[in-house]
Amino acid sequence: MKKIKKIIFVLLYLVLLTPLYSNGMHIMEGFLDPFWAGLWSVVSLPFIVIGFSRIKKITDENPNKKLLLGLVGAFVFILSALKLPSVTGSTSHPTGIGLGAMVFGPMPMAVIGFIVLIFQALLLTHGGITTLGANVFSMGIVGPFIAYGIYIVLKDKNRSLAVFLGAALANLGTYIITSAQLALAHPDSVNGVLGSFVKFVGIFAFTQIPLAIGEGILTVIIFNMLLEY
Amino acid sequence: MLEMKNVTSIYEDGTVALKDISIDLSKSKSIGIIGSNGAGKSTLFLNFTGVLKPKSGQILFRGKPLSYSKPSLREFRKEVGIVFQDPERQIFFSNVYDDIAFGLRNLGVSEDEIKIRVEDALKRVEAAEFSNKPVHFLSHGQKKRVAIAGVISMDNKVLFFDEPTAGLDPLVTKSVEDILLSLSNKQEKTVVVSSHDMDLIYNVCEYVYVLNQGQIIGEGKVEDIFLKNDLLKSSGLNEPWLVKIHKNLGYPLFKNESELYEYHNRMKNEQKK
Amino acid sequence: MLEMKNVTSIYEDGTVALKDISIDLSKSKSIGIIGSNGAGKSTLFLNFTGVLKPKSGQILFRGKPLSYSKPSLREFRKEVGIVFQDPERQIFFSNVYDDIAFGLRNLGVSEDEIKIRVEDALKRVEAAEFSNKPVHFLSHGQKKRVAIAGVISMDNKVLFFDEPTAGLDPLVTKSVEDILLSLSNKQEKTVVVSSHDMDLIYNVCEYVYVLNQGQIIGEGKVEDIFLKNDLLKSSGLNEPWLVKIHKNLGYPLFKNESELYEYHNRMKNEQKK
Amino acid sequence: MLIIDKFAYTNKLKSINPRLKIGLSLTFIALALINKNMYFFIGIICGGFYATVFLAGIPLKNYMKMILIPFAFLLTSMIAILVSFSSDSDVFLYSIDLKFFYGGVTLIGLKNALLLFLRSMSSLVSLYFLTLTTPMDQQIYTMQKLRIPSLFLEIYSLIYRFIFILLEESLEIYRAQELRFGYINMKNSYLSLSILIKTLFVRVMRRYKDMQIVLDMKLFDGEFHIGKGAGGQENA
């Protein structure tokens, strides 16, 4: 029982670290040309492959874990469909891809993130098939790693702050990576990639910064709630 | 007070969930909605509480069409509450008191007032003795009563109950029946119950609507409705046993079993004489 | 064939869930376990199916104590199946066919054989007409039938049903009743049912155990058990209506309503003569 | 609940060979990616629209609503691509003076934006044809034929199954909260949403525990066998 409680606690933990991304940050179908679509897929591929082999090891040891991965994946998908109350009135997307990284390791969660992003593309039209590689990189890999890293570094100093920063900065990190991906694919006609990057960062800042803060707050509340439980 | 007029409700994909439904909740203080799984009872409740907006037709509240703006829905829901089937999905706190107080706190009611109302609600559902146990230690029946308390603490005028006794044992079922009866008789609430348990409907409700495939195919006093064999058959329902013995054994129709037994004993004594 | 001897089961937190329970499933082909919410029915089933290991006492299968090693449990479960209350927790596939075939495929049965057995199971639960819809489009009653089909396709000797009719409408309840009756009468299975619906227990079971706070406080033929007022009262249960009219109106005790009506008509005709 | 999924199982092209539907859609998405000809884009958009609305019978109103889903992203990005800044107003077709520099639209920017818009719309329309006409079990079956590893497909199928269970649960919890005024202001919205996520999570863990018991009872041998034989796949 103690062990289960520990696992639950650890899982909860990650829900809290779960970055929330805005709906607006999924790069839509057809938005990247073949070169960039391919490049980001190649970049994400090793994470998926390594993650997949970790999952295989986990499920070979205990096949019931397939069930857990299925449940966690569905949970992450549901979080991504929930609307976050936001100051700007826009709705956001808690994509809990970081969830479970502690139980399964961050690598396997890239695979879960990958599957969830496929379902988002197919069932919700958030993102797309050709832009999957780019979206996996920003949301399934960079986001969770930032959240995980910040949390590990800061948790002993101030847990709430660690949770808040982990969630908020993961969100911001994802948004900056996505902006960079967009800028690289669509350089500004006058100022090139850098000019384009500044524009994307600027224009998405309107929704992303309040959302990042909102997500940080939400995550802290849930975190404390789960600690009580 | 609350009325549905020619309401048609359509799912997002175009399937018709409710078709031209008119229901007047002022017909009685205790109204039953019966129908098979998938007949549309839940959708009906969601339309009545303003959660879903009908495709056509109207919900009339105090004679005026319901407005779906946030502030008016908010006022509306101070008068109308709903208890869903699964208590696990409507209890949010591990502490019974906090859970019952949830709605009141959201409305900004003072803690003194909250205390009075929560304790009153606890008493009414007979939950006082387990009110300081953590929720996850409670049995299914106890959780159900907490969920009911959470809604009646709001002191709404109209209360909807979706399958209030599903999964409950006979004793708890009886206590839920008593709560429903006391709400409609003593507290002057309008109680609307949907259930598959025909005995419950018969014991608790005065007026009944029969829903079948999204349409009202019958309505009337509970004693009349359950006498209509064809109606029950076509909607996949059956009779309460008191109706069965009336129909098949020739007893008068009684509203509850003690009346039946009294009658039986009286007749026996008369025969002896 | 399957028997529980002096079983005591204890929760992780130390609470006694079952106390010195002995149940012999060879007493009848259809056995009912009744008791209020929290009486220990689910824990009893989990002990019977080898999911939980009793603290003391034994489960005897074909006269031998159950061994809890993985391979022997596997052999054991080829003979013993269970349908849990919530169908959503026992359906793993979106495709009805794949879900029903799941257990058989785990056993390595050939696809040809699987096809025959799945189609047979579909027919027996009357699910053929919705078997090519994805599970998430099915109603609660339909999902329930898929869950039942998944278990009966395994052709186990002993089948446990935990609250098989909870939340189902009268029509589907009737069809589940028919499935249970045909399993025990025609298929020669031992069917063990736990339920709060006393009418269901009365209609379907021959032999009944009464469970109260983890102990067996009564057992016997269904007609005898339901005549014991004190027993029912102390365990928070009530009588099936056929028993009620026997006790209170002086009718003979009938096993189902059509017998009662026949008797009534016969008596009426005789009086006329 | 998920409208795209619902239409996939009820549309008029449901029983067409999934390999054909998926092959066609993916081909057009690929063609849209490498194409630069405006008329070709317009052709794909019109063709995809016709096939989805008229052949598959997806209601126009629902279809248009779905097309609008990615527009928040599309429009924001279009503005970013369209508008440039420079100290020299000559590079622009049209510009306004922003005191320190000029902001405006260049010919290349305009052309790029227009092409990008058409390309995204073409790909979107093609993707919609796939998702709206091909039920998920057909998609999984096709992936199986393409030799996607079975472990991946097992987890994929389980996630798909559980999405609907959790979706219904979260919706019910949300409604119960909403009816008790859980979302009437920002502060309690955050609290209610946290409670919702917590409740859902706790229930997910309970479900995992319960379902493992069922797996044992069903003699789980370590593999979730998907789409092996008859049933559901006959028309695939």
Side-chain angles (χ1 to χ4, degrees), chain C residues 42 45-46 49-52 70 73-78 80-116 118-119 122 131-138 143 147 150-151 153-154 156 160, chain D residues 1-3 5-10 14-15 135-141 144 153-169 172 203-204 206-236:
Chain C
S42 301
F45 279 17
L46 294 179
T49 47
V51 175
L52 294 180
K70 263 207 156 181
L73 274 183
R74 209 176 149 84
E75 285 309 307
F76 173 62
R77 285 170 184 160
K78 286 184 193 167
V80 174
I82 178 166
V83 179
F84 293 98
Q85 183 174 347
D86 183 0
E88 295 281 25
R89 288 174 198 228
Q90 336 171 41
I91 300 179
F92 298 95
F93 297 83
S94 306
N95 179 303
V96 172
Y97 185 98
D98 281 342
D99 194 75
I100 298 175
F102 183 46
L104 296 168
R105 284 180 180 153
N106 288 332
L107 282 176
V109 175
S110 77
E111 286 296 327
D112 291 343
E113 168 81 15
I114 287 178
K115 191 163 193 265
I116 296 168
V118 170
E119 274 167 12
L122 280 170
S131 68
N132 42 26
K133 277 194 192 174
V135 169
H136 53 269
F137 288 173
L138 303 183
K143 283 179 194 157
V151 173
S153 72
M154 303 294 288
N156 306 300
F160 291 87
Chain D
M1 271 181 297
L2 290 173
I3 184 111
D5 180 76
K6 181 93 191 183
F7 282 131
Y9 280 96
T10 53
K14 180 192 169 221
S15 28
M136 190 58 80
D137 58 349
Q138 289 182 3
Q139 292 182 29
I140 291 171
Y141 182 71
Q144 226 173 357
L153 287 180
E154 283 174 57
I155 294 173
Y156 189 84
S157 307
L158 286 172
I159 292 180
Y160 177 66
R161 163 85 187 105
F162 297 148
I163 279 175
F164 294 93
I165 298 178
L166 299 189
L167 197 60
E168 198 207 315
E169 255 181 33
E172 248 183 62
R203 290 178 62 86
V204 161
R206 264 249 315 272
R207 193 174 283 277
Y208 175 53
K209 220 175 131 197
D210 290 352
M211 288 183 115
Q212 288 191 83
I213 294 175
V214 180
L215 278 187
D216 281 348
M217 291 309 300
K218 293 201 172 199
L219 307 169
F220 182 52
D221 68 350
E223 192 193 338
F224 289 94
H225 315 265
I226 34 176
K228 257 194 176 169
Q233 249 80 57
E234 263 118 68
N235 45 28

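Values below: every heavy atom of this structure, side chains too, minus hydrogens, waters and symmetry copies. Chain letters run A, B, ... following the sequence lines, proteins first, then strands; residues in each count from 1.
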Tell me, for Asp99(C) versus chain D, whether the close heavy atoms (under 4.5 Å) come from the side chain, the backbone, both or neither. both

Pairwise distance CE(Met217(D)) to CG(Leu46(C)) - rounded to 0.5 angstrom: 9.0 Å

Once rounded to the nearest 0.5 Å, what's the spacing between atom CD of Gln212(D) and atom CZ of Arg89(C)? 13.0 Å

Pick from Leu158(D), Ile165(D), Ile140(D) with the largest number of heavy-atom pairs that fall under 4.5 Å of chain C: Ile165(D)

Nearest 0.5 Å, what's the CG-OH distance between Asn95(C) and Tyr141(D)? 12.0 Å

Interface moiety of Phe84(C) toward chain D, non-hydrogen atoms closer than 4.5 Å: side chain

Between NZ on residue Lys218(D) and CG on residue Leu107(C), distance to nearest 0.5 Å: 12.0 Å

So for Leu215(D), is it side chain, backbone, both, or neither that comes closer than 4.5 Å to the heavy atoms of chain C? both

For the backbone of Pro134(C) and the side chain of Asp137(D), can you confirm whether one donor and one acceptor N or O come within less than 3.5 Å of each other? no

Answer yes or no for Lys6(D) and Phe137(C): cation-pi contact, defined as NZ/CZ to six-membered ring centre under 6.0 Å and angle to ring axis within 45°. yes

Counting distance only, does the side-chain N/O of Arg161(D) pair as donor-acceptor with the main-chain N or O of Ile91(C) below 3.5 Å? yes

Measuring from atom CZ of Phe162(D) to atom OG of Ser94(C), what distance do you get when rounded to the nearest 0.5 angstrom? 9.0 Å

Do you know which two heavy atoms are closest between Ile226(D) and Asp98(C), and how far apart they sit? C-OD2, 3.9 Å

Under 4.5 Å to a heavy atom of chain C? For Asp216(D) that would be both

Starting from the C-alpha separation in whole Å, work towards a yes-or-no answer on side chain to side chain contact (heavy atoms under 4.5 Å, CB included) for Phe164(D) and Val135(C). CA-CA 9 Å; Phe164(D) 294 93; Val135(C) 169; over 6 Å; no

Output, in order, the C-alpha distance, side-chain angles, deciding distance and verdict of ring-ring contact (aromatic ring centres under 6.0 Å, His included) for Tyr160(D) and His136(C). CA-CA 10 Å; Tyr160(D) 177 66; His136(C) 53 269; 5.4 Å; yes

Where is the tightest heavy-atom contact between Glu223(D) and Asn106(C), given as atom of each residue plus distance? O-OD1, 3.8 Å

Any sub-3.5 Å donor-acceptor pair from Arg77(C)'s side-chain atoms to Leu219(D)'s backbone N or O? no

Look at Lys78(C), Gln90(C), Glu88(C) and state which one has the largest set of heavy-atom pairs under 4.5 Å with chain D. Glu88(C)

Between Phe92(C) and Phe224(D), what is the ring plane arrangement, given parallel below 30°, perpendicular above 60°, and tilted in between? tilted

